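Below you'll find the structure, written out as structure tokens, and then a few comments.
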Amino acid sequence: MIIAIDGPAGAGKSTISKRVARQLNFQYIDTGAMYRGITLKCLRLGIQPDQVSEKLTDLQTEIQLDGEKIFLDGKDVSQEIRSIEVSQSVSAYSAIPAVRLFLVDLQRAMAINQNILVDGRDIGTYVFPKAELKVFLTADVEIRAKRRFLEMQEKGDVVSFEEIVSNIETRDRIDSQREMAPLKKADDAIEVDTSSMNIAEVVEHILFLVTSKQGEGMNH
Ligand code: DC
């Protein structure tokens with residue numbers, strides 16, 4: 001079974017997805033982490049978004065997901081990819097078709113013979129259009145920014161609330177306006193607005209949707 005969870009920045013996708021995947025014993029695939037990994041590598045090497053297409057093959061990038069960790073060329077970069085620098089650049093690199101094709105191939109290969117829960121922007125529309133369950137998670141922008149702000153404060157990162165609001169708004173704009181596989185709710189996705197829900201409630205609701213889908217499958 002494939003569960004696709006899409007939605008804008010800061011809607012709580014990864015927090016919710018990790019918990020739901022754990023409960024169901026599904027493999028969790030954080031596609032945002034993969035785009036962040038490529039971005040981190042390009043930033044370190046000084047490769048601009050408009051240069052990445054021609055350099056991608058030479059870069060020989062290896063990206064591996066292991067549970068909730070991400071390894072870039074064999075090194076654990078789970079912390080580094082969450083920095084504000086990466087967050088500010090990731091949408092520009094993600095809009096490059098060569099980057100997307102490279103990562104989408106990896107994502108599809110990960111789905112073979114496994115129950116997976118995948119979160120991202122284009123999972124239900126492009127990567128796995130036949131996913132059995134598609135959820136589109138949203139929340140008001142102020143609420144998304146507040147959650148992200150608290151999360152970063154807890155980690156000890158120094159960023160202002162305004163910087164986070166602006167980062168979220170800019171990313172949503174670039175992610176939904178790009179030409180290839182933009183952020184968009186799939187026609188058959190179930191929209192869940194989490195503005196007034198807590199984490200446990202959202203997890204519970206998605207588990208309920210999974211059970212309903214599994215029940216539907218049995219009746220066919
Ligand atoms: O989910 P996230 O905030 O970690 O994602 C970081 C960026 O990666 C997001 O702003 C756009 C890009 N992304 C994408 O283009 N397609 C995906 N399936 C997942 C993420």
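None of these values were measured; they are calculated from a predicted model. For reference, positions follow the sequence shown, starting with 1. In listed order, ligands and their atoms are each counted from 1.
Listed as neighbours of ligand 1 are Thr31, Gly32, Tyr35, Arg36, Arg82, Val90, Ser91, Ser94, Arg100, Gly120, Arg121, Asp122, Ile123, Arg171, Asp175, Arg178, each bearing a heavy atom under 4.0 Å from the ligand.
Counting only heavy atoms from C-beta outward, the side chains of Met180 and Leu101 approach each other to under 4.5 Å.
Under the 6.0 Å distance and 45° angle rule, Arg178 does not count as a cation-pi partner of Tyr93.
With respect to the salt-bridge test (charged N to carboxylate O, under 4.0 angstrom), the residues Arg44 and Asp73 do not qualify. Of the charged side-chain nitrogens involved, at least one lies within less than 4.0 Å of a carboxylate oxygen, so that Arg22 and Glu68 count as a salt-bridged pair.
Each of Lys184, Arg100, Lys185 was scored for a salt bridge (Lys or Arg N to Asp or Glu O under 4.0 Å) with Asp122, with one residue passing: Arg100.
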Give the table of side-chain donor-acceptor pairs shorter than 3.5 Å for residues 78-88, with sequence neighbours excluded, one pair per line with atom names and distance.
{"unit_1": "Ser78", "atom_1": "OG", "unit_2": "Ile70", "atom_2": "N", "d": "3.1"}
{"unit_1": "Ser78", "atom_1": "OG", "unit_2": "Asp76", "atom_2": "OD1", "d": "2.5"}
{"unit_1": "Arg82", "atom_1": "NH2", "unit_2": "Asp30", "atom_2": "OD2", "d": "3.1"}
{"unit_1": "Ser83", "atom_1": "OG", "unit_2": "Glu80", "atom_2": "O", "d": "3.3"}
{"unit_1": "Ser83", "atom_1": "OG", "unit_2": "Glu85", "atom_2": "OE1", "d": "3.4"}
{"unit_1": "Ser83", "atom_1": "OG", "unit_2": "Val86", "atom_2": "N", "d": "3.3"}
{"unit_1": "Ser87", "atom_1": "OG", "unit_2": "Arg36", "atom_2": "NH1", "d": "3.1"}
{"unit_1": "Ser87", "atom_1": "OG", "unit_2": "Ser83", "atom_2": "O", "d": "3.1"}

